[in-house]
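Note that the numbering runs from 1 along the sequence shown for the chain. Computed from a predicted model, the values in this text were never measured in an experiment.
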Amino acid sequence: MARTIAIANIKGGSGKSTLTINLAHALALLGRRILLIDFDPQASITFLLGIPARDITASIYTAITEHRTTYDAGVIRTAIRRTDLERVDLVPATARLNLVNDELVGALKREEILKALLEPVQAEYDYILIDNMPYLGVLLRNALVAAGEVLIPLPPEVLATESLKLLIDQITLIRRSGLNPDLQITGLVLNLVDSRMNVHKDAVDYIRGTYGASLGVFQSIIRDAVTVKEAQAGRQSVFQYKSASRTAEEFRTLAQEVEDAC
């Protein structure tokens with residue numbers, strides 16, 4: 001069965017989508033089969049993988065709305081599409097995903113819809129990675145109920161650590177509610193780190209010292225490198241753009257740590 005990992009941080013600008021794509025490609029290069037779920041109405045992953053909104057007829061939104069009326073979890077298959085990354089598939093998003101909060105008011109088991117949708121395809125992948133919106137709401141709760149693990153990209157900033165506390169509270173509530181009592185935190189990933197800035201160095205030390213024992217902090221550090229921005233501009237992963245770069249090596253190391261964390 002796939003390891004289902006929610007990539008989550010309720011602070012915007014934490015680099016979730018970029019990290020999700022590059023981690024997925026790094027795991028795929030290890031021979032793993034990956035399913036990406038774009039669960040953010042901004043549809044950043046869908047955009048970065050070069051899929052125009054006009055070409056999307058089936059998405060995570062259409063799967064949710066159809067499941068709401070039919071309870072047929074198999075509808076997720078109509079939304080799965082291949083990407084240019086070998087062994088990486090995607091369930092894309094569109095801006096219509098913004099409508100879900102209102103449309104699920106009164107829906108039965110509304111926090112468990114994504115979990116139900118993923119069950120039919122669990123055995124077909126090694127990893128299912130869910131990229132989430134930076135907002136506490138029904139979409140994030142669905143992701144936390146569907147996932148077995150949470151991976152948290154964390155920029156070395158004060159505001160990011162404040163948002164982290166809110167996310168941890170939400171994870172704790174999901175466990176205590178019984179919706180997902182076994183949900184685990186795989187760890188924090190130090191992301192968008194500028195090693196030239198003393199304030200970032202101090203923040204890295206603070207995060208490791210504060211959260212290393214309780215939550216776990218990956219040894220890998222993903223730096224704020226121009227390679228990432230250039231790859232984004234070309235709608236490529238860092239491996240497609242410059243596979244021999246230091247940034248690509250950082251993601252290879254992170255992928256191996258994720259593998260070893262199971």
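- Scanning all heavy atoms of the two residues, the minimum distance from Gly74 to Pro120 falls at N-CG, 4.3 Å.
- Checked against Val91 for a side chain to side chain contact (heavy atoms under 4.5 Å, CB included), the options Asp38, Leu36, Ile76 give a single hit: Ile76.
- Taken to the nearest 0.5 Å, the NZ atom of Lys165 stands 5.0 Å off from the OH atom of Tyr211.
- Glu112 and Lys115 are not joined by a salt bridge, as no carboxylate oxygen comes within less than 4.0 angstrom of a charged side-chain nitrogen.
- Side-chain contact between Asn191 and Leu154 is absent, with no heavy-atom pair separated by less than 4.5 Å.
- For Thr4, the side-chain hydrogen bond (donor to acceptor under 3.5 Å, both in side chains) partners are Gln122, not counting sequence neighbours.
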Show me the side-chain donor-acceptor pairs of residues 23-33 shorter than 3.5 Å, one per line, residues at least two apart or across chains.
{"from": "His25", "atom 1": "ND1", "to": "Ser237", "atom 2": "OG", "distance (Å)": "2.6"}
{"from": "Arg32", "atom 1": "NE", "to": "Glu259", "atom 2": "OE1", "distance (Å)": "3.0"}
{"from": "Arg32", "atom 1": "NE", "to": "Glu259", "atom 2": "OE2", "distance (Å)": "3.2"}
{"from": "Arg32", "atom 1": "NH1", "to": "Leu30", "atom 2": "O", "distance (Å)": "3.3"}
{"from": "Arg32", "atom 1": "NH2", "to": "Glu259", "atom 2": "OE1", "distance (Å)": "2.6"}
{"from": "Arg33", "atom 1": "NH2", "to": "Asp89", "atom 2": "OD2", "distance (Å)": "3.1"}

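- Among Val189, Ile168, Leu215, Ile7, the one residue that satisfies the side chain to side chain contact (heavy atoms under 4.5 Å, CB included) test with Ile152 is Ile168.
- Summarising the local packing, CZ of Arg96 is surrounded by 12 or fewer heavy atoms from other residues, nucleotides or ligands at distances under 6.0 Å.
- The CD1 atom of Ile51 sits 6.0 Å away from atom OG1 of Thr46, with the distance rounded to the nearest 0.5 Å.
- Both Val228 and Leu85 are assigned to one and the same hydrophobic cluster, defined by single-linkage of ILVMFWY side chains at heavy-atom distances under 4.5 Å.
- At a threshold of 4.5 Å between side-chain heavy atoms, the hydrophobic network of Ile, Leu, Val, Met, Phe, Trp and Tyr places Phe251 and Leu48 in one connected group.
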Quiz prompt | Stepwise side-chain contact (heavy atoms from CB on, under 4.5 Å) test for Leu254 and Glu250 | solution = CA-CA 6 Å; Leu254 175 61; Glu250 290 168 356; over 6 Å; no
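- With hydrogens and angles ignored, the 3.5 Å screen pairs no side-chain donor or acceptor of Thr18 with any backbone N or O of Gly15.
- Between the OG1 atom in Thr210 and the CG atom in Leu188 there is a gap of 10.5 Å [rounded to 0.5 Å].
- Here the side chains of Met197 and Lys201 are not in contact, with every heavy-atom distance at 4.5 Å or above.
- Within 6.0 Å of CG in Asn101 there are more than 12 heavy atoms belonging to other residues, nucleotides or ligands.
- The distance from the CD atom of Gln42 to the CG atom of Asn98 is 8.5 Å, given to the nearest 0.5 Å.
- In terms of hydrophobic clustering, with Ile, Leu, Val, Met, Phe, Trp and Tyr side chains grouped at heavy-atom distances under 4.5 Å, Ile60 and Ile56 are assigned to different clusters.
- Closest heavy-atom contact between Pro155 and Gly13: CG-O, 4.2 Å.
- Looking only at distances, a side-chain donor or acceptor of Arg175 sits under 3.5 Å from a matching main-chain atom of Leu183.
- By the side-chain contact (heavy atoms from CB on, under 4.5 Å) test, Ala8 pairs with Asn132, Leu140, Val150, Leu167, sequence neighbours left out.
- Leu90 places a side-chain heavy atom less than 4.5 Å from the side chain of Leu49.
- Applying the side-chain hydrogen bond (donor to acceptor under 3.5 Å, both in side chains) test to every pair with at least one member in residues 52-75, sequence neighbours left out, gives these pairs: Tyr61-Glu103.
- Ala225 and Thr247 make their closest contact through CB-OG1, 3.4 Å (heavy atoms, listed as atom of the first residue, atom of the second, distance).
- Shown here is Lys11, whose NZ atom has more than 12 heavy atoms of other residues, nucleotides or ligands within 6.0 Å.
- Residues Ile34 and Phe239 are members of one and the same hydrophobic cluster, defined by side-chain heavy-atom contacts under 4.5 angstrom among Ile, Leu, Val, Met, Phe, Trp and Tyr.
- Taking all atoms of both residues into account, the shortest heavy-atom contact from Tyr241 to Ala231 is CB-CB, 3.8 Å.
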side-chain contact (heavy atoms from CB on, under 4.5 Å) between Leu144 and Asn180: does it pass, once the steps are laid out? CA-CA 8 Å; Leu144 295 179; Asn180 192 353; 5.9 Å; no
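- Leu192 is not listed as a side-chain neighbour of Ile222, based on a closest heavy-atom distance of 4.5 Å or more.
- Note that CG of Leu19 is 8.5 Å distant from OG of Ser14, once rounded to the nearest 0.5 Å.
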(request) Would you please test Ser220 and Glu257 for side-chain hydrogen bond (donor to acceptor under 3.5 Å, both in side chains) and show each step? (result) CA-CA 8 Å; Ser220 303; Glu257 284 195 82; 2.4 Å; yes
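- Within the 4.5 Å cutoff, the side chain of Lys242 has no heavy atoms near those of the Gln236 side chain.
- Partners of Arg81 under the salt bridge (Lys or Arg N to Asp or Glu O under 4.0 Å) rule, at least two apart in sequence or in another chain, do not exist in this structure.
- One N or O on the side chain of Thr83 and one on the backbone of Val88 form a donor-acceptor pair closer than 3.5 Å.
- Between Val193 and Val204 the shortest side-chain heavy-atom distance falls below 4.5 Å.
- Taken together through direct or relayed side-chain contacts under 4.5 Å among Ile, Leu, Val, Met, Phe, Trp and Tyr, Ile130 and Leu104 form part of one hydrophobic cluster.
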| task | Run the numbers on Arg77 and Glu124 for side-chain contact (heavy atoms from CB on, under 4.5 Å), then give the verdict. | result | CA-CA 11 Å; Arg77 294 186 186 279; Glu124 298 169 24; 2.7 Å; yes
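- A donor-acceptor pair is defined here as one N or O able to donate and one able to accept, closer than 3.5 Å; no such pair exists between the side chain of Glu86 and the backbone of Asp84.
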Quick one: do Phe39 and Leu114 satisfy side-chain contact (heavy atoms from CB on, under 4.5 Å)? Show the steps, please.
CA-CA 10 Å; Phe39 216 46; Leu114 182 61; 3.9 Å; yes
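- Heavy atoms only, all atoms of each residue included: Met133 and Leu139 are closest at SD-CD1, 3.4 Å.
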Problem set entry | Residues Arg246, Glu249; criterion salt bridge (charged side-chain N to carboxylate O under 4.0 Å, His left out); working and verdict | CA-CA 5 Å; Arg246 182 179 71 172; Glu249 187 56 36; over 6 Å; no
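- Rounding to the nearest 0.5 Å places CD1 of Ile5 at 13.0 Å from CG of Asp131.
- In this structure, the side chains of Leu97 and Val100 come closer than 4.5 Å at one or more pairs of heavy atoms.
- The side-chain hydrogen bond (donor to acceptor under 3.5 Å, both in side chains) pairs that include a residue from residues 139-151 are Arg3-Glu149, Glu149-Thr186, where partners are two or more places apart or lie in different chains.
- Nearest heavy atoms, Ala248 versus Ser243: CB-O, 3.4 Å.
- The shortest side-chain heavy-atom distance between Leu129 and Ile37 does not fall under the 4.5 Å cut-off.
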